[in-house]
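Heavy atoms only: backbone and side chains are in, while hydrogens, waters and symmetry mates are out. Note on naming: letters A, B, ... go to the chains in the order of the sequence lines (proteins, then strands), and numbering restarts at 1 for each one. Just so it is clear, the structure is predicted and the values come from calculations on it, not from any experiment.
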There are 2 protein chains.
Amino acid sequence: MYSSELIKGTLKTIVLKLLSDNQKMYGYEITQKVKDLTGDKIQLTEGALYPALHSLEAEGILSTEVVNIGKRVRKYYTLTKKGKTTSEEKVSEFSDFINTMKFLLDIKPQVG
Amino acid sequence: MYSSELIKGTLKTIVLKLLSDNQKMYGYEITQKVKDLTGDKIQLTEGALYPALHSLEAEGILSTEVVNIGKRVRKYYTLTKKGKTTSEEKVSEFSDFINTMKFLLDIKPQVG
DNA sequence: ATTATATGCATAATACTCTTATGTATTATT
DNA sequence: AATAATACATAAGAGTATTATGCATATAAT
């Protein structure tokens, strides 16, 4: 696991990217996907994720659809049109940020 | 400028890296150096920087030396032995984090 | 059968860090 | 003479994450 402060500010970017790849996901699924894809290095907590999802929905970036699975409820999130744009912008901004940080921290690409 | 949440959590890493390269710097100098090196893309604010420096000093990561420049005061910060280790760890952790995020966000190295 | 784990949502108290604003003071520039 | 730059510092407020808690169903393990 990374120190928590490192991951700060990247939560929304991660969520938006996953949703642009997967069209439709629910909260718990997002936490598991991130855990899997990062080999447990990034584990989103519910206390951070759910408020973030709610805020993205309030901003009109995500829309929701509630589905009943047996007696349990699942809330699927989908990117709105605005959300698709936002997702691309966020990823692109982060990509730029990575380059700036690599330069600033003098991080070389590992050879081999 | 990047959106502020993007830069969150990177402040200490940036400061420690600069100090490992420059041996001895003062607060204002750090803000200018970062501004210069990033082409104004990252601008540290005093309200964030000074408390961070104080906290790093309290942790024994930085030591200070106050120098009088005419009638003005400058507070130079230097990495302690512990600080040198911390600096390397932080940069290395961030480097690892970048790789994880590049994979997660499917960011390709730009060719050309 | 019963207990523990996993799935699935949500929020509240707390802590932490950054933004923004303010304060003080010296030095350089217009 | 006024403004900008240099140089420190802190305080109020905002925002976001951590940690803890709560509720409930479903599945796996003992």
Between A/Tyr76 and B/Gly9, which has a closest nucleotide on DNA chain C that is more 5'? A/Tyr76
For B/Tyr26, is the NZ or CZ atom of B/Lys75 found under 6.0 angstrom from the centre of its six-membered ring and inside 45 degrees of the ring axis? no
Please list, by residue number, the residues of residues 30-48 of chain A whose heavy atoms come closer than 4.0 Å to an atom of DNA chain D; answer none if no residue qualifies. A/Thr45, A/Gly47, A/Ala48
Consider only side-chain heavy atoms of I, L, V, M, F, W and Y, link residues closer than 4.5 Å, and tell whether B/Val73 and B/Tyr77 are in one cluster. no
Does either side chain, that of B/Thr86 or that of B/Lys12, offer a donor lying less than 3.5 Å from an acceptor on the other one? no
For a quick check under 3.5 Å, do A/Glu93 and B/Ser3 share a side-chain donor-acceptor pair by atom type? yes
Listed nucleotide nearest any side-chain atom of B/Tyr50, set C/dC18, C/dT11, D/dA9: D/dA9
Proximity to the side chain of B/His54 - top-ranked nucleotide from C/dC18, C/dT11, D/dT10: D/dT10
Euclidean distance, A/Thr64 OG1 relative to A/Glu57 CD, rounded to 0.5 Å: 4.0 Å
Rounded off to whole Å, could you give me the CG-to-P distance for the B/Leu49 and C/dT19 pair? 11 Å
Once you round it to whole Å, what is the distance between P of D/dT16 and CG of A/Leu56? 10 Å
Residues within residues 63-75 of chain A bordering DNA chain C, heavy-atom distance below 4.0 Å: A/Arg72, A/Val73, A/Arg74, A/Lys75
Using a heavy-atom distance cut-off of less than 4.0 Å, which residues of residues 11-26 of chain A contact DNA chain C? A/Tyr26
